[in-house]
Amino acid sequence: MPSDAARIIGQLDPATTVLLTVECQRGVVGPESALPELADAARTSGALANVARLVAAAHDTGVQVLHAVAERRPDGRGASHNARLFKAAARLPVQQLTGSTAVRVADPIPVSDDDLVVRRLHGLSPIAGTEVDALLRNFGCRTLIVTGVSANVAIPNAVFDAVNLGYTAVVPADAIAGVPADYTPAMVRNTLALVATVTTTDEVLTSWRRPRRGR
């Protein structure tokens, strides 16, 4: 049996890996967040900084980056209304309006010209009902690294969708955040670890720095 390190290295070939950031936008994890408790958790835990480290390393290594952003039209057309979460979000003082600063990728995450931003107007998942799956297939993706927020809703949705679509999901546990703070490790341990490879930011970065056969 290969060691955990060897298994992770095998899964994270830059040629077949895509890095997904989930809702790492100013109106969610920025200083003027609609969800200040979540924004605080993302920053104080180091998760947001680790997402930034992963994105910067992906740029250097040639790993494709996708930024999944949740937004809303000013008139609300197309938005979901079939859950308490959506109704609560519609009443928040900061709205994730299309074209506003709230839906821009938050600092300190770098964005390059090669990154793609995928925007959705509905639902809970950054994958289901969006163009992400088609893009991943066109990139030749086999492994999807899932980062961002929140561990409560969007992150598990992304992981489950990726696995159901046939991708290997990798979750750097220190690059996701949710509320309350102690919920995230419980979600990782009891749920995500059953379907995804759980790792750390440093392990991913170390893997990308290692030489690979034929390169």
Side-chain angles (χ1 to χ4, degrees), residues 4 8 19-58 65-72 83-96 101-111 120 123-127 144-163 169-207:
D4 287 345
I8 291 170
L19 173 64
L20 178 70
T21 76
V22 178
E23 296 182 29
C24 291
Q25 56 204 74
R26 295 184 184 184
V28 176
V29 295
E32 298 180 356
S33 170
L35 303 164
E37 185 181 1
L38 178 59
D40 183 65
R43 291 180 177 275
T44 59
S45 69
L48 190 61
N50 284 330
V51 174
R53 293 172 63 206
L54 287 164
V55 171
V65 178
L66 296 182
H67 302 284
V69 172
E71 58 182 47
R72 179 184 178 90
R84 290 174 55 196
L85 177 64
F86 303 129
K87 296 175 182 178
R91 297 192 296 268
L92 292 173
V94 177
Q95 291 291 304
Q96 315 299 316
T101 58
V103 297
R104 294 181 185 173
V105 177
D107 294 332
I109 298 172
V111 180
R120 78 178 195 275
L124 300 170
S125 172
I127 298 179
L144 183 66
I145 303 174
V146 180
T147 66
V149 297
S150 72
N152 304 76
V153 178
I155 295 298
N157 266 268
V159 171
F160 295 151
D161 287 344
V163 173
V170 173
V171 178
D174 56 356
I176 65 171
V179 291
D182 59 359
Y183 177 77
T184 300
M187 162 61 79
V188 170
R189 181 174 60 254
N190 296 305
T191 302
L192 299 186
L194 301 178
V195 295
T197 297
V198 176
T199 184
T200 66
T201 296
D202 285 343
E203 287 176 343
V204 174
L205 300 184
T206 297
S207 170

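Just so you know, these numbers come straight off a predicted model, no measurement behind them.
- With S207 contributing its side chain and E203 its backbone, the two residues share no donor-acceptor pair below 3.5 Å.
- Between T21 and C24 the shortest heavy-atom distance is CB-SG, 4.2 Å.
- Residues Q95 and A89 share a closest heavy-atom pair of NE2-O, 2.9 Å.
- Closest approach of A42 and A177 over heavy atoms only: CA-CB, 3.7 Å.
- Nearest heavy atoms, V198 versus A173: CG1-CB, 4.0 Å.
- Of the possible donor and acceptor atoms, none in the side chain of S33 sits under 3.5 Å from a partner among the backbone N and O of R26.
- When the salt bridge (Lys or Arg N to Asp or Glu O under 4.0 Å) test is applied to R43, no partner is found at least two apart in sequence or on another chain.
- Here the closest non-hydrogen pair linking A39 and G30 is CB-O, 3.8 Å.
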Task: Intermediate values then yes/no, side-chain contact (heavy atoms from CB on, under 4.5 Å), V179 and L35 - done: CA-CA 10 Å; V179 291; L35 303 164; over 6 Å; no
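- Across every non-hydrogen atom of V159 and A196, the tightest pair is CG1-CB, 3.9 Å.
- In this structure, CG in L20 is found 6.5 Å from OG1 in T147, a value given to the nearest 0.5 Å.
- In this structure, F160 and I127 have side chains that are not in contact, with every pair of non-hydrogen atoms separated by 4.5 Å or more.
- You'll find the side chain of V188 reaches within 4.5 Å of the side chain of I176, heavy atoms only.
- When the side chain to side chain donor-acceptor pair (under 3.5 Å) test is applied to T184, no partner is found at least two apart in sequence or on another chain.
- Atom CD1 of residue I109 and atom CZ of residue R53 lie 13.0 Å apart, to the nearest 0.5 angstrom.
- Partner of P172 under the side chain to side chain contact (heavy atoms under 4.5 Å, CB included) criterion, chosen from N50, V51, L54, V146: L54.
- Taking the side chain as every heavy atom from C-beta outward, R120 and E23 approach each other to under 4.5 Å.
- If you run side chain to side chain contact (heavy atoms under 4.5 Å, CB included) between V22 and each of S150, S125, P126, only P126 comes through.
- The structure places CG of L192 at 8.5 Å from CD1 of I155, a figure rounded to the nearest 0.5 Å.
- Within the 3.5 Å criterion, the main-chain N or O of G27 finds a donor-acceptor partner in the side chain of Q96.
- Residues passing the side chain to side chain donor-acceptor pair (under 3.5 Å) test with D174, sequence neighbours excluded: T201.
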